[in-house]
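Here is the structure we will look at.
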There are 2 protein chains.
Amino acid sequence: MGRTSNAKNQLLDAMVLLMWERSYGSLTIDVICEKAEVKKGSFYYFFKSKLDLGIAAMDHVWTQIQPRLDATFSPSRPPLERLARKLQEAYERTQQVAAEHGCVLGCPFFNIGAEISTIEPELADKVNQMLSRFQRYFEATITEAVANGDIPEMDTKEATRILFNLYEGMITQARMKNDPEILKDLPVAAARILRIQQLPEISVA
Amino acid sequence: MGRTSNAKNQLLDAMVLLMWERSYGSLTIDVICEKAEVKKGSFYYFFKSKLDLGIAAMDHVWTQIQPRLDATFSPSRPPLERLARKLQEAYERTQQVAAEHGCVLGCPFFNIGAEISTIEPELADKVNQMLSRFQRYFEATITEAVANGDIPEMDTKEATRILFNLYEGMITQARMKNDPEILKDLPVAAARILRIQQLPEISVA
DNA sequence: CTAATAGATGACTATTTGGTAAAGTAAAGT
DNA sequence: ACTTTACTTTACCAAATAGTCATCTATTAG
């Protein structure tokens, strides 16, 4: 009952895009409303502040990302192949996003986290929560690889932290240099961290 | 001749601090002037905009950082020991800065770069320039380590990129999680990337 | 058909912000 | 002493921005 609307979703979509393409601090309510094609009155009907929308936007983008992660890290393939595919996908998708948006954008969580961690604790918590979820995909993969004997015995939590931070560091560098090619180092880097010669080759498609 | 002043330096110091402790986008001219204890008229006497000061602040902080880097990476010690010391120092200094400022702050260049790369190209260029300078210290060290036979033959440029991005990624995670302990992974991570068992132990002080 | 509900709209206010300019002041040159 | 130079200070304006509210409109339940 009552009037229907998808203004809330338009606001969430616009916020995700703007935070990814620009930054959090550079956004104003007016800019967000314009991008969302929603009037300011409606903004304040659904959200009480930019911070409120920003936090909701992080949950929103996760629901878009999670299915892709589930597919890429699907246990239907052996762990090292999953990892190799993820790293390959990171490179290809970075190129694709750069073509669509005009420049490399990197990881929406990591960028925002680096920006706001000291000034917006609530948003920082939310971002850390999302990054932890993301990291779990790597951890599950590495744990299984050790269990399979695909890689030597090692502290899997430690290896996960190292690989994950490397991954985020490289993607952020790719954004800063606006150069997807930086991500070509990822497979070599992962192999070294996991103490193997190289990750498995992956067949096309 | 004419009236003397150190307002310009106060503005630079304040800007460096604020960009490190907070972010670029959250700063206003008024906030910067208040921190610097300088009136707005003087701000516009020395700088034409926040962007202008931001760029100058990056050069300014480099002049403070460079002597410390020169000391830590001094060729008076063997390369792997230099590296081990740098990673140890990163951990200790992060703790110290956290104690002084109330939270982990990370790398001033990387944080700002991640935040503004898509919206302030001039500042992004300056940040990239500083990061490249920083990276050269790692590259020189790794190159010498290979030449010495301290680590196996490898593509030193590639190894440098990997190690550097890992370093920045970890430091940024430490900021986001407000936890210096994350940096304890650095020596293990470096050893894996450089294909050695472990970095040399370093004596106290 | 009508009332109740959910949302849309636009006009409005108060504040913050970036930016300017004119008058003032300290230091050094002559 | 006084003039020039280099910087400071204050007051000010215009634009941008956050946030509110009364009124309007679409949807559905009864």
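What's counted below: heavy atoms across the whole structure, side chains too, no hydrogens, waters or symmetry copies. Keep in mind that what you see is a predicted model, and the values were worked out from it rather than measured.
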Distance-only check: which donor-acceptor pairs under 3.5 Å involve side-chain atoms of residues 24-45 of chain A, not counting sequence neighbours?
residue, atom, partner, partner atom, Å
A/Tyr24, OH, A/Leu51, N, 3.2
A/Ser26, OG, A/Ser23, OG, 2.9
A/Thr28, OG1, A/Val31, N, 3.1

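Distances shorter than 4.0 Å separate some side-chain N or O of A/Ser42 from OP1 or OP2 on C/dA8. Residue A/Lys39 has no polar side-chain atom (N or O) positioned under 4.0 Å from OP1 or OP2 of C/dA8.
Using a 4.0 Å cut-off on heavy atoms, none of the residues of residues 115-126 of chain A approach DNA chain D. Using a 4.0 Å cutoff on non-hydrogen atoms, the parts of residues 8-28 of chain B near DNA chain C are B/Thr28, ordered by number.
Heavy-atom contacts of chain B under 4.0 Å fall on DNA chain D between two terminal nucleotides, which in 5' to 3' order are D/dT5 to D/dT10.
Listed by chain and number, the residues in a salt bridge (Lys or Arg N to Asp or Glu O under 4.0 Å) with B/Arg175 amount to none (sequence neighbours excluded). Remark: A/Ala189 pairs with A/Leu166, A/Met170, B/Ile162 by the side chain to side chain contact (heavy atoms under 4.5 Å, CB included) rule, at least two apart or across chains. Shown here are the salt bridge (Lys or Arg N to Asp or Glu O under 4.0 Å) partners of B/Glu181, two or more places apart in sequence or in another chain: B/Lys184. Here A/Pro187 pairs with A/Leu199 under the side chain to side chain contact (heavy atoms under 4.5 Å, CB included) rule; sequence neighbours left out. Take B/Glu92 and apply the salt bridge (Lys or Arg N to Asp or Glu O under 4.0 Å) test, not counting sequence neighbours, and it matches no residue.
Rounded to 10°, the angle separating the first-five-pair axis and the last-five-pair axis of the helix from C/dC1-D/dG30 to C/dT30-D/dA1 equals 0°.
Sorted by first then second residue, the salt bridge (charged side-chain N to carboxylate O under 4.0 Å, His left out) pairs that include residues 95-110 of chain A, not counting sequence neighbours, number zero.
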* Asked: Which letter, B, S or -, goes with each nucleotide of nucleotides 19-30 of chain C from 5' to 3', with contact meaning a protein heavy atom under 4.0 Å?
  -> BB---BBBBS--
